[in-house]
Enquirer: 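Got a structure here, written out as structure tokens. Questions coming.
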Amino acid sequence: MIKHIKTFFSTIKNNLIALLTFLIIWQISSIFFQNYIVPSPVTLFSNFDNLMTADLLNHFQITLYRIFAGFLVAFIIGTILGFISYIIKLEETIQSVLVLFQVLPGTVLGIIFLLIFGQGNAAPVALIITLTTPLIAINTSNSLFNTNKHLSDVIIAFGGNYWDIIKSVHLPSLVPVVRSNCTIGFGFALKIVVLGEFIASQSGLGYLLNVSKVYFNMKEVFFYLFILITIMLVFQIIINLVFVIFFDKYLLNQRDK
Amino acid sequence: MNPILEIINLSKSYEKEPIIKNLNLQINKNESVCLFAPSGTGKTTLIKIINGIISEYNGRMKIDTSNISTVFQEPNLFWYKTVRENILLPFKLNNIDFNDEFEKIYQKWLKLTQLKNNENCYPSELSGGMQQKVALIRGFLLDPEFILLDEPFTSIDIRSKNKIIDFILHNYKNSTILFVTHNIDEVPKLSSKVIFFSKNMTSDYTEIDLQNYEKDSEIIKTIFEKIYQT
């Protein structure tokens, strides 16, 4: 357990360094620009009470729900698709199709989904699923492609079958991939939800950002951005915690690299 | 003669480039045979055909045992398994009970290879030599009837190597060993016969019976002469 705690803290150390770096860059940038363009983090946090409206929690919950709904679907479909394309050795063909989806402009898709689903949860969620699934699938098959193929030889040489290879080589290799899918996919989903709420919603942090942007209320813009960054950071910490506790041994290779 | 392995007219090509061509080979039970051939001539390919990793080839092959094991050139250990778990993998794959007798031999191996204190370590915590020792134990522990050794001592120091070879000779007298190496001084220690391929893996090879020689130095000299003749 102590070993786990140590590993966890050494992992979240990087997340905290990233947050600190962001705050420092933000603070330094605010020196060079007027307060109404780039308000400093200090100014922002001193106005924290004014920015925390009762309505904000509602919008926050809506955004969080959309991110998780879209991300979970994209994560499951993308990981399975990437895994299958690797297993059946069709990764290049499937990747070519997925790359086409990846280049679709999010704004155009957002408007299409707005016309199909109308305003509400469906359009931003559909946008996340459409744009994040290919990214996760490609990441999965690319990462699995780097698996040590000699381990499959060991299984065969010692009398194992194909199911043993899946169980002992492919599935354990998937653990670090799932972890990176969580980080990459969730970050991407976070960006997409804002885009989706910009275009096709009257609620959520993306909508609030849009309204604040229209009125050039940069304090609010930066505040909502800070909330989005915090969501990402908390999610990463949770993911690190889960993987360190339950799947630490499967990440040994990755940590050595 | 009681053959454990019979290879008849075996050929294998990679992208139309023949690597093994019409090879005929027989290895008898309890023999310890060394395959000696230059690099890139298909020794590892042959090992992979024998142990079933490569299933597409021309010709026929008959193996008179199912208790076959391999020690690869690279340790190929499972990164998420401890030393013990890696060694016990063949037992798990074949649903064989790891009984007290196996435990005794396992402990002997650990003592011999000085891995006793590393039993619960993961491969990333071991040196290359230690990892190769784990792979050797994994290959031998199941007491295989036929064992394929593909340059298994590459990263092991000479002292440990000699100890391990002595241990194998003493404890695995009933096993048939097919041993591939580049290292001439390993040949007389572990083999009773050398099959010498001058170029490619064809039936044009020379068999040297090492039992006709009294000293290791004579064997090494003979192999050297064969190399220089080609």
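Values below: every heavy atom of this structure, side chains too, minus hydrogens, waters and symmetry copies. First the proteins, then the strands, lettered A, B, ... as listed; each starts at 1.
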Enquirer: Assess, by modelled atom type and distance only, whether the side chains of Asn240(A) and Asn15(A) contain a donor and an acceptor separated by less than 3.5 Å.
Expert: yes
Enquirer: Go through Ile155(A), Asp164(A), Val169(A), Leu151(A) and name the one with the most non-hydrogen pairs under 4.5 angstrom from chain B.
Expert: Leu151(A)
Enquirer: On a heavy-atom basis, which atom in Ile128(A) and which in Ala74(A) lie closest, and how many Å separate them?
Expert: O-CB, 4.4 Å
Enquirer: By a 4.5 Å heavy-atom criterion (distance strictly below it), what part of Phe72(B) contacts chain A: side chain, backbone, both, or neither?
Expert: side chain
Enquirer: Between Ile47(B) and chain A, which part of the residue has a heavy atom less than 4.5 Å away: side chain, backbone, both or neither?
Expert: neither
Enquirer: Among the options Ile53(B), Leu142(B), Leu77(B), pick out the one with the most heavy-atom pairs lying under 4.5 Å from chain A.
Expert: Ile53(B)
Enquirer: Among Asn51(B), Asn76(B), Leu89(B), who wins on heavy-atom pairs under 4.5 Å with chain A?
Expert: Asn76(B)
Enquirer: Between Asn94(B) and chain A, which part of the residue has a heavy atom less than 4.5 Å away: side chain, backbone, both or neither?
Expert: side chain
Enquirer: Using non-hydrogen atoms and a 4.5 Å limit, figure out which bit of Ser152(A) sits close to chain B: side chain, backbone, both or neither.
Expert: neither
Enquirer: Using a cut-off of 6.0 Å, state whether more than 12 heavy atoms not belonging to Tyr57(B) lie near its atom OH.
Expert: yes
Enquirer: Do Lys48(B) and Asp153(A) meet the salt-bridge criterion of a basic N to acidic O distance under 4.0 Å?
Expert: yes
Enquirer: Shortest non-hydrogen contact from Glu31(B) to Lys193(B)?
Expert: OE2-NZ, 3.1 Å
Enquirer: Indicate yes or no: does Glu103(B) engage Arg84(B) in a salt bridge with an N to O separation below 4.0 Å.
Expert: yes
